[in-house]
Amino acid sequence: VTCRDCDAFLADYLSDELPADQRQRFERHLGLCRNCREYLTQYADTVRAGRSVCTEGTADPPAEVPEELVRAILAARKG
Amino acid sequence: MGTVPEGADDEEAALLARLKAGDDEAFEHIVRTYTGRLLAVARRIVPTEDDARDAVQDAFLSAVRSVDRFEGGARLSTWLHRIVVNASLMKLRTRRRKPEQSIEALLPAFLDDGHHAETFSSWAEPVDQALERAETRDLVRQRIAELPEAYRTVLLMRDIEEMDTGDTARELGISPNAVKIRLHRARQALRSLLARDFRKEPS
């Protein structure tokens, strides 16, 4: 397993979809390759960061609905 | 997102069918029902109230344009959430005048023997700690906005809305394998962009 092979396994590894034999080979490579370990960490951090910043606000209470905004949206659809 | 009261699925399906048929009342009902939630989300992403309102308006118009492709694999609220996040990110990108980046330049390079061409140095601080700062959160959103649209869309569907590969593939009209490839590249590209911001300053 090279770093290139390892890279191709990354997404499936993180979502736990890698078949057992591939997982074993992947982990063996990770154990030997500091660079791939660092890449895996950053890749996983990237996924977490993206999720975190794009779901901000979903737990907020809904904003007051400005009537002029509703009217503007309805008018814009009529174009 | 969250639990759904019984019967909501049927109600939602009926509403969507009317929206697809171009029903004005159904559209107004959806606008009145979801504007409050969408505006709360947009306000977290863009810096001004005008931008937030514009993003919500853009989102509804974009939803109407793409409703035929909406398969019901996601809930209506989830689908609208993704559209308003994307519309808000586009406002952010326009405001900063940052163009879309090319994906190829952001993917990792490999040597002929299969090793990474680059040596990755660890980031300056743990990402969770960095994300406690509003400016870092803003920066991450800005970087997502710079991803090419086809990749950004898959990232939003899979990683943010947590749709599965099959539903994402059906909604985009591409193969499940293409979804997997795009998602992987989107994450790789975003990692490259973030690495420029997060790496330790050379001492």
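FYI, side chains are in, hydrogens and waters are out, and symmetry mates aren't considered; it's all heavy atoms of this structure. The chains referred to below are lettered A, B, ... by the order of the sequence lines, with proteins before strands, and numbering in each begins at 1.
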**Prompt:** Any side-chain donor-acceptor pair under 3.5 Å between B:Arg187 and A:Tyr43?
**Reply:**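 Yes, A:Tyr43 and B:Arg187 have a side-chain donor paired with an acceptor closer than 3.5 Å.
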**Item:** Pair B:Gln188-B:His184, side-chain donor/acceptor within less than 3.5 Å
**Value:**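 Short answer, yes.
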Quick one: do [X] and [Y] make a salt bridge, cutoff under 4.0 Å?
{"X": "B:Arg82", "Y": "B:Glu161", "value": "no"}
{"X": "B:Asp50", "Y": "B:Arg53", "value": "no"}
{"X": "A:Asp5", "Y": "A:Arg25", "value": "no"}

May I ask you to name which of [options] has the most heavy-atom pairs under 4.5 Å with chain B?
{"options": "A:Leu74, A:Thr46, A:Val47, A:Asp12", "value": "A:Thr46"}
{"options": "A:Thr41, A:Val1, A:Val65, A:Asp60", "value": "A:Asp60"}
{"options": "A:Cys3, A:Gly57, A:Pro62", "value": "A:Cys3"}
{"options": "A:Ala49, A:Cys36, A:Ala59", "value": "A:Ala49"}

[X] versus chain A, heavy atoms under 4.5 Å apart: side chain, backbone, both or neither?
{"X": "B:Arg43", "value": "side chain"}
{"X": "B:Phe120", "value": "both"}
{"X": "B:Ser121", "value": "backbone"}
{"X": "B:Asp58", "value": "neither"}
{"X": "B:Leu156", "value": "side chain"}

**Request:** Go through the steps for B:Arg143 and B:Glu146 under the test salt bridge (Lys or Arg N to Asp or Glu O under 4.0 Å), then give the verdict.
**Result:** CA-CA 5 Å; B:Arg143 295 305 177 224; B:Glu146 287 169 34; 2.7 Å; yes
